[in-house]
Protein chains: 2
Amino acid sequence: MTTPQLTKNQSLVFDVLEKAEGPLSAYTILDKLRDHGFRAPLQVYRALEKLLEYGVVHRLESINSFVACAHPGDDCHSHGIVAFAICESCGQVTEFHDHEVDHRLMSWVRGQKFKPEKTTIEIRGLCEACAA
Amino acid sequence: MTTPQLTKNQSLVFDVLEKAEGPLSAYTILDKLRDHGFRAPLQVYRALEKLLEYGVVHRLESINSFVACAHPGDDCHSHGIVAFAICESCGQVTEFHDHEVDHRLMSWVRGQKFKPEKTTIEIRGLCEACAA
DNA sequence: TTGCAATTGTTATGTTATTACATCAATTGC
DNA sequence: GCAATTGATGTAATAACATAACAATTGCAA
């Protein structure tokens with residue numbers, strides 16, 4: 001999928017996520033955009049919905065937060081399943097991909113005749129710096 | 001880890017989850033236990049916290065719900081990473097394990113010197129029956 | 001210019017989870 | 001025995017996350 005021109009609100013939300021050091025909750029994004037006229041959660045959630053659809057933002061299910069995709073300009077959908085390592089101390093998130101993992105999961109799924117729509121892989125723990 | 005004797009509230013919550021057909025939210029569990037004297041969310045969350053710790057219940061991060069472990073009596077912690085296929089139509093959840101997936105994820109993690117604490121793998125989609 | 005679709009604004013509400021504080025019961029050490 | 005500690009529970013209030021419903025506006029194509 002090609003990412004269409006972003007609307008005003010979508011751009012604002014995306015910029016906040018790009019500039020952030022780590023994942024942000026929807027309400028944190030809202031607070032950062034109050035100066036730009038944002039008043040309600042829906043303004044954020046609606047923008048996020050589109051950004052997720054375009055694949056330029058990921059949702060971290062285990063911490064109810066959002067991050068900009070680590071592949072600027074690139075289309076993340078083409079990389080297969082996205083996995084994340086999330087540091088519970090500093091909040092740093094590392095995105096990675098492993099084709100063998102994809103392959104194993106998808107082959108299990110095929111065996112079950114299960115039709116996958118969206119797969120989540122999140123490893124929470126401590127990054128090298130924080131574990132020291 | 002060996003599962004200790006469950007307390008009254010822990011037993012009540014666990015029984016509800018065991019008898020359920022699929023995953024339940026904390027508030028659904030609360031409603032089912034009103035007749036047994038439950039009045040507040042915390043009674044459920046506290047019991048769940050212990051049941052998760054003992055490994056007899058799993059939390060599904062992507063749908064904010066809880067299920068009894070599919071290995072009755074057995075200690076789930078010994079199976080490595082637990083993965084789930086969640087049907088978005090009927091709510092059915094299938095638990096599975098794949099050592100090769102574990103191995104690939106843990107070897108990536110080692111390369112990063114990341115120290116994993118808890119790993120989530122959830123595939124949402126349609127089960128065979130619902131996809132038909 | 002009229003009509004449609006997408007975006008945005010606003011209010012209210014629904015859902016999920018935790019904080020703070022009080023009470024009670026079992027156990028331990030003196 | 002009886003303080004002291006620990007773990008479980010009860011209760012109220014609030015915080016954090018997410019969506020429903022409806023109105024207004026904008027961009028654009030027929």
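All figures in this text were calculated on a predicted structure; none of them were measured in a lab.
In the 5' to 3' direction, nucleotides of DNA chain C lying under 4.0 Å from heavy atoms of chain B begin and end at C:dT16 to C:dA20.
Phosphate contact (OP1/OP2 of D:dA8, side-chain N/O of B:T7, threshold under 4.0 Å): absent. Contact annotation: A:K8 does not reach the phosphate of D:dT26 (side-chain N/O to OP1 or OP2, under 4.0 Å).
For residues 103-124 of chain B, every residue pair satisfying the ring pair (Phe, Tyr, Trp, His ring centres under 6.0 Å) rule, not counting sequence neighbours, is listed here: A:F96-B:W108.
A donor-acceptor pair under 3.5 Å is absent between the side-chain atoms of A:E53 and the main chain of A:K50, judged by distance alone. A donor-acceptor pair is defined here as one N or O able to donate and one able to accept, closer than 3.5 Å; no such pair exists between the side chain of A:T28 and the backbone of A:L24.
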Using the 3.5 Å cut-off, write out each protein N or O paired with an N or O of nucleotides 18-21 of chain D and the distance between them.
from   : atom 1 : to    : atom 2 : distance (Å)
D:dA18 : OP1    : A:R59 : NH2    : 2.1
D:dA18 : OP2    : A:Y45 : OH     : 3.0
D:dA18 : O5'    : A:Y45 : OH     : 3.4
D:dA18 : N7     : A:Y27 : OH     : 2.7
D:dA18 : N6     : A:Y27 : OH     : 3.3

Donor-acceptor pairs under 3.5 Å, side chain of residues 38-49 of chain A to any protein atom, not counting sequence neighbours: which ones?
from  : atom 1 : to    : atom 2 : distance (Å)
A:Q43 : OE1    : A:R39 : N      : 2.6
A:Q43 : OE1    : A:A40 : N      : 3.0

Indicate every side-chain donor-acceptor pair of residues 60-68 of chain B with a distance under 3.5 Å to a residue at least two apart or in another chain.
from  : atom 1 : to     : atom 2 : distance (Å)
B:E61 : OE1    : B:R59  : NE     : 3.2
B:E61 : OE2    : A:R124 : NH2    : 3.3
B:S62 : OG     : B:E122 : OE1    : 2.5
B:S62 : OG     : B:R124 : NH1    : 3.4
B:S65 : OG     : B:I63  : O      : 2.9

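Residues A:K32 and A:I29 are not in side-chain contact: their nearest non-hydrogen atoms beyond the backbone lie 4.5 Å or more apart. Taking the side chain as every heavy atom from C-beta outward, A:F14 and A:V57 approach each other to under 4.5 Å.
With the nearest nucleotide of DNA chain C identified for both A:R39 and B:S25, A:R39 has the one nearer the 5' end.
Rounded to a whole Å, the CD atom of A:Q43 is 13 Å from the C1' atom of D:dA24.
For A:A129, the side-chain contact (heavy atoms from CB on, under 4.5 Å) partners are A:C127, not counting sequence neighbours.
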